[in-house]
J.: 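My questions will all concern the structure given below.
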Amino acid sequence: MPDARLVDTKATFAAFSHVLDARLLRALADLGFARPTLVQTKAIPLALENKDILARAWTGSGKTAAYCIPLVQKVLNAKSGSTGSSENATRALILVPTRELSEQVSAHLKGLLKYCDPEIAVANVCSGNTNHLQRTVLADKPDIVIATPSRALSLLQSKVLSLTSLDSLVIDEADLILSYGHDEDIKQIFAGGHLPKVYQSFLMSATMTEDVETLKGLALRKPVILKLEEDED
Ligand code: ADP
Ligand code: MG
């Protein structure tokens with residue numbers, strides 16, 4: 001559970017029912033998420049307006065759901081909208097520094113997707129899968145892919161992963177990700193012509209560091225900057 005001080009006591013998830021799918025709201029209720037946290041209240045509506053977002057908020061403040069909820073909603077919108085194609089396509093990429101975090105994010109997403117199965121497919125390509133298994137999983141173009149930057153880059157270079165239909169890119173733990181040796185890989189993901197011209201980016205971080213500034217320059221366009229630390233008394 002998040003720290004009680006990080007919960008938005010004036011808000012409820014039900015108040016988002018005009019923008020969030022009923023299946024997502026049901027899953028949130030099952031998870032015991034009654035009220036959004038402060039970062040979720042701020043990020044979800046902005047994310048659904050397709051803004052690039054830099055969110056700096058403490059560890060434990062619910063940053064995972066702050067990007068996963070709009071990500072899932074956007075995938076549902078894309079699949080059901082009149083412009084939505086029936087063809088499978090990877091629409092969201094979540095970059096994380098470690099395999100351990102990829103598993104946490106994957107579990108979080110599976111909870112949110114409880115009532116959207118099998119409509120939305122998630123692939124965590126950091127887990128100890130063989131190359132062959134990853135190729136098979138990615139051949140179906142899962143809607144949401146979770147990867148470390150090094151794994152994402154190698155899958156992009158070998159054309160096993162395609163991001164031509166990408167709508168959203170997340171860099172989680174942006175303050176740590178470069179220090180895990182992913183520096184060159186991230187730069188190559190942005191420089192290598194792997195990404196479409198237009199997509200939405202999220203940078204999630206507990207602190208504002210030089211590395212976050214570097215990533216901001218690489219990944220974000222006219223971002224909304226959410227800083228939750230100032231709210232602390
Ligand atoms: P952060 O990434 O900011 O460090 P997490 O996303 O890991 O934080 O969330 C911390 C914990 O709070 C997790 O166990 C998560 O399931 C829980 N949590 C997140 N949002 C809510 C919410 N709105 N209501 C209840 N629990 C929540
Ligand atoms: Mg986190």
Side-chain angles (χ1 to χ4, degrees), residues 1-17 19-48 53-73 92-116 122 124 126 144-149 168-180 182 186 201-209 211-212 215-216 219 224-232:
M1 286 297 280
D3 185 314
R5 287 176 312 156
L6 309 179
V7 172
D8 187 345
T9 51
K10 293 192 271 313
T12 60
F13 279 114
F16 286 112
S17 61
V19 282
L20 296 181
D21 192 278
R23 287 166 290 178
L24 200 41
L25 293 171
R26 260 172 84 198
L28 284 164
D30 288 2
L31 288 167
F33 287 22
R35 295 185 183 281
T37 64
L38 293 164
V39 70
Q40 291 161 4
T41 304
K42 290 193 178 177
I44 292 167
L46 291 167
L48 292 173
I53 292 177
L54 167 56
R56 183 183 71 176
W58 310 273
T59 299
S61 60
K63 293 191 290 298
T64 320
Y67 67 79
C68 285
I69 292 171
L71 225 59
V72 167
Q73 184 60 47
L93 174 67
I94 303 172
L95 294 173
V96 293
T98 61
R99 181 192 289 187
E100 190 194 6
L101 185 63
S102 77
E103 276 154 20
Q104 285 172 29
V105 172
S106 178
H108 212 93
L109 265 173
K110 296 229 163 93
L112 293 175
L113 291 171
K114 184 173 175 187
Y115 299 107
C116 300
V122 178
N124 175 6
C126 305
I144 305 175
V145 171
I146 309 167
T148 54
S168 318
L169 174 75
V170 180
I171 303 181
D172 200 355
E173 303 210 344
D175 44 350
L176 301 175
I177 202 161
L178 295 182
S179 63
Y180 276 85
H182 296 301
I186 290 213
S201 293
F202 299 77
L203 273 190
M204 313 306 284
S205 180
T207 53
M208 198 62 206
T209 60
D211 283 355
V212 179
L215 290 170
K216 184 180 162 207
V224 177
I225 300 177
L226 304 178
K227 293 183 205 161
L228 285 236
E229 276 136 301
E230 270 89 16
D231 298 345
E232 197 171 28

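Remember, it's 1-based here, ligands and their atoms both numbered in the order they're listed.
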J.: In ligand 1, which numbered atoms sit nearer than 4.0 Å to a non-hydrogen atom of K63?
T.: 1 (P), 2 (O), 3 (O), 4 (O), 6 (O), 8 (O)
J.: Please work out whether any backbone atom (N, CA, C, O) or any side-chain heavy atom from C-beta onward of W58 is under 4.0 Å from ligand 1, and answer side chain, backbone, both or neither.
T.: backbone
J.: Identify the heavy atoms of C126 and R99 that sit nearest to each other, and give their distance.
T.: O-NE, 3.0 Å
J.: Just wondering, do L112 and I69 contact through their side chains at under 4.5 Å, heavy atoms?
T.: yes
J.: Around atom 20 (N) of ligand 1, find the nearest protein heavy atom and jot down its residue, atom name and distance.
T.: Q40 NE2, 2.8 Å
J.: H108 heavy atoms, cut-off 4.0 Å: which ligand 1 atoms fall inside?
T.: 15 (C), 16 (O)
J.: Donor-acceptor check, side chain of T37 to backbone of S61, threshold 3.5 angstrom: yes or no?
T.: yes
J.: Look up atom 13 (C) of ligand 1 and tell me if a protein heavy atom lies less than 4.0 Å from it?
T.: no
J.: Identify, for atom 16 (O) of ligand 1, the protein heavy atom at the shortest distance, and state residue, atom and that distance.
T.: F33 CZ, 3.4 Å
J.: Can you confirm, on distance only, whether ligand 1 has an N/O atom lying under 3.5 Å from any N/O atom belonging to A65?
T.: no
J.: Could you tell me the residue and atom name of the protein heavy atom closest to atom 17 (C) of ligand 1, and the distance to it rounded to 0.1 Å?
T.: P2 CD, 3.8 Å
J.: Measuring only between side-chain heavy atoms, which start at C-beta, is K114 closer than 4.5 Å to D30?
T.: yes
J.: Could you identify the single nearest non-hydrogen protein atom to atom 5 (P) of ligand 1 and state the distance to 0.1 Å?
T.: T64 OG1, 3.5 Å
J.: Give a yes/no verdict on whether any heavy atom in M204 is under 4.0 Å from an atom of ligand 1.
T.: no
J.: Main chain of W58, side chain of K63: is a donor-acceptor contact present, judged purely on distance under 3.5 Å?
T.: yes
J.: State whether the shortest distance between N or O atoms of P36 and N or O atoms of ligand 1 falls below 3.5 angstrom.
T.: no
J.: Looking only at atom types and distance, does a side-chain atom of R35 sit under 3.5 Å from a main-chain N or O of A11, one as donor and one as acceptor?
T.: yes
J.: Has the side chain of H182 got a donor or acceptor atom that lies under 3.5 Å from a matching backbone atom of P97?
T.: yes
J.: Give yes if a backbone or side-chain nitrogen or oxygen of R35 is under 3.5 Å from a nitrogen or oxygen of ligand 1, and no if not.
T.: yes
J.: Ring-plane angle category for Y67 and F202, please: parallel below 30°, perpendicular beyond 60°, tilted otherwise.
T.: tilted
J.: Would a distance-only check, ignoring hydrogens and angles, find a side-chain to backbone donor-acceptor pair under 3.5 Å from S201 to A219?
T.: yes
J.: Measuring from atom 8 (O) of ligand 1, which candidate in A206, G62, A34 has the nearest non-hydrogen atom?
T.: G62
J.: Would you find a donor on one side and an acceptor on the other, under 3.5 Å apart, between the side chain of T98 and the backbone of L101?
T.: yes
J.: For ligand 1, which atoms have a heavy atom of F13 less than 4.0 angstrom away?
T.: 23 (N)
J.: Hey, does the side chain of D175 reach the backbone of T209 with a donor-acceptor pair shorter than 3.5 angstrom?
T.: no
J.: Around atom 1 (P) of ligand 1, find the nearest protein heavy atom and jot down its residue, atom name and distance.
T.: G60 N, 3.4 Å
J.: Would T59 count as being in polar contact with ligand 1, using the rule that some N or O on each side must be under 3.5 angstrom apart?
T.: no
J.: Using heavy atoms and a 4.0 Å limit, tell me yes or no: is S61 in contact with ligand 1?
T.: yes
